[in-house]
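Scroll down for the structure; my scribbles are underneath it.
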Amino acid sequence: MGQAKIYYDSDADLGVLSNKKIVFLGFGNQGSAQAQNLRDSGIPNDQILIANRVDSYAETAKAKGFHVEHDFAAAAAIADVLFILIPDQVQPGVFNEQFSPKMKNNATIVVASGYNVFFNLLKFRPGQDVVMVAPRMIGSSVRSLHEKGHGFPCFVSVEQNGTGKGLDIALALSRAIGATKQGAIASSVREETAMDLFAEQALWPNIIMMFREAFNVLKDAGCSDEALCYEMWMSKEPAEIFERAADDGFVAQLKHHSTVSQYGQLSGSLKLGGEAMREHFKDILYNQILNGKFCKAFSQIEDDLEKEGDANPLNELYRRSEEMELVKAEKRVKARLAGLL
Ligand code: NAI
């Protein structure tokens, strides 16, 4: 229990992709990296098609020697494999209206994020495979690590096995984009969505809140803007701590700190029982994320996120965040550093 299966190159047979037409919808962060990696893995260029609207991404794809199709219906009709690599929020509109009606009944559809599949926002047919191959890396790293001969962390899952060969195809595609070199972790759209949204809606909001309140208390105690900003984040100490946590261990990295620090951090954290926080976290996970409440609420405002000014709810959230003392102090420090104040 708790241990995930890991798939390596030896678990994947690129042969299952022979003669399959592989279409990438999107040539952005992930699309450009994955398509290039796949071609470098020996999939012939003529087997690959980039479906892209007329924009600068399409021009980049052409410049890199790929075949580009602007007519989505035409691309959909020939796809044996379709990687959906456009932004998550535009996927339902583009896929359901322009791709789904024209696609083959036995096509394999690949997503790089679980959200739209977990919340049933994409329309698939029963004979189709739906798989997730989700790099845990930004696109530029997916490309640069592959070019250096390294792998990158990736989640893989089969969500609908219409052809009965979904896993073989998912693993072959994972290998072709370079994801099984280091080991692709068996996962699911539920797991990926739960962890992603939990980090965004539970973990990081609490971390932001804790920094905000810590800043307020120390400021009231007489600490200067400069001292606080550098102490808390501008020195990049938190980034270094997380880097060490990844290398040495989440708790073991404490050994790099002074004895006073180690004693304070360990005794302090063990004293905090965390029951109230655990209940709060469970509430967000079950009653906001997994039950679809956030997804439904977000779908009602997502069109507004394209708007300018106050009509865009994100701008309003940024405006309110600017009122945090921490943000105001940071601005003062930066202005003083630049000699403006
Ligand atoms: P992106 O923002 O780089 O996508 C740009 C591409 O989408 C371009 O080809 C553009 O022509 C196309 N596009 C944008 N709006 C469009 C529209 N309305 N109609 C048609 N085409 C449109 O996307 P990114 O960041 O590569 O994300 C793709 C998928 O990969 C998403 O599911 C995302 O969650 C996932 N992912 C992204 C990561 C990243 O590094 N950004 C990391 C891991 C997964």
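We count ligands from 1, going down the list as the structure has it; atoms in each ligand are counted the same way.
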State whether F152 and R136 meet the cation-pi test: NZ (Lys) or CZ (Arg) under 6.0 Å from the six-membered ring centroid, and within 45° of the perpendicular axis.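 Relative to the ring axis of F152, which defines the angle, R136 lies outside at least one limit.
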Top protein contact for [atom], by heavy-atom distance:
{"atom": "atom 44 (C) of ligand 1", "value": "A112 O, 3.4 Å"}
{"atom": "atom 31 (C) of ligand 1", "value": "D88 OD1, 3.4 Å"}
{"atom": "atom 16 (C) of ligand 1", "value": "R53 NH1, 3.3 Å"}
{"atom": "atom 42 (C) of ligand 1", "value": "Q30 NE2, 3.2 Å"}
{"atom": "atom 43 (C) of ligand 1", "value": "P135 O, 3.3 Å"}
{"atom": "atom 41 (N) of ligand 1", "value": "N29 ND2, 3.6 Å"}
{"atom": "atom 6 (C) of ligand 1", "value": "G28 N, 3.9 Å"}

Of all the heavy-atom pairs spanning C295 and Y115, show the shortest one and how long it is.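 Nearest pair, atom of C295 first, then Y115: CA-OH, 3.4 Å.
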Please give me the minimum heavy-atom distance between P135 and V142, naming the atom from each residue.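 Closest heavy-atom pair between P135 and V142: CB-CG2, 3.7 Å.
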On the 0 to 90° scale, with breaks at 30° and 60°, tag the F72-F99 ring pair as parallel, tilted or perpendicular.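 Plane angle between 30° and 60°, so tilted.
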Decide yes or no on salt bridge (Lys or Arg N to Asp or Glu O under 4.0 Å) for E316 and R319, but give the supporting numbers first. CA-CA 5 Å; E316 162 70 1; R319 196 194 54 71; 3.3 Å; yes
Check this for me - ligand 1, F72, N or O atoms closer than 3.5 angstrom, yes or no?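 In fact, backbone or side chain, F72 has no N or O that close.
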If the threshold is 4.0 Å, N to carboxylate O, is there a salt bridge linking [X] and [Y]?
{"X": "E325", "Y": "R332", "answer": "yes"}
{"X": "R143", "Y": "E147", "answer": "yes"}
{"X": "D248", "Y": "K255", "answer": "no"}
{"X": "E59", "Y": "K62", "answer": "yes"}
{"X": "K104", "Y": "D80", "answer": "yes"}

With a heavy-atom distance limit of 4.0 Å, tell me whether [X] approaches ligand 1 through its side chain, its backbone, both, or neither.
{"X": "V90", "answer": "side chain"}
{"X": "D55", "answer": "side chain"}
{"X": "N52", "answer": "side chain"}

Number the atoms of ligand 1 from 1 as they appear, then name those within less than 4.0 Å of a heavy atom of [X], with their elements.
{"X": "G26", "answer": "9 (O)"}
{"X": "Q91", "answer": "31 (C), 32 (O)"}
{"X": "I138", "answer": "40 (O)"}
{"X": "G139", "answer": "40 (O)"}

Going by the closest heavy atom to atom 23 (O) of ligand 1, which one wins out of S113, P87, A33?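 Among S113, P87, A33, the closest heavy atom to atom 23 (O) of ligand 1 comes from P87.
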Nearest non-hydrogen atom to atom 21 (N) of ligand 1 belongs to which of V94, I84, I86? I86
Please confirm whether A134 comes under 4.0 Å of ligand 1, counting heavy atoms of the residue only.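 For ligand 1, residue contact (heavy atoms, under 4.0 Å) with A134 is absent.
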Quick one: does R136 get a heavy atom under 4.0 Å from ligand 1? no
Walk me through it: do D13 and R175 pass the test salt bridge (Lys or Arg N to Asp or Glu O under 4.0 Å)? CA-CA 8 Å; D13 173 14; R175 180 173 171 177; over 6 Å; no
Under the criterion side chain to side chain contact (heavy atoms under 4.5 Å, CB included), which of D168, L173, I169, L167 is the partner of L171? L167
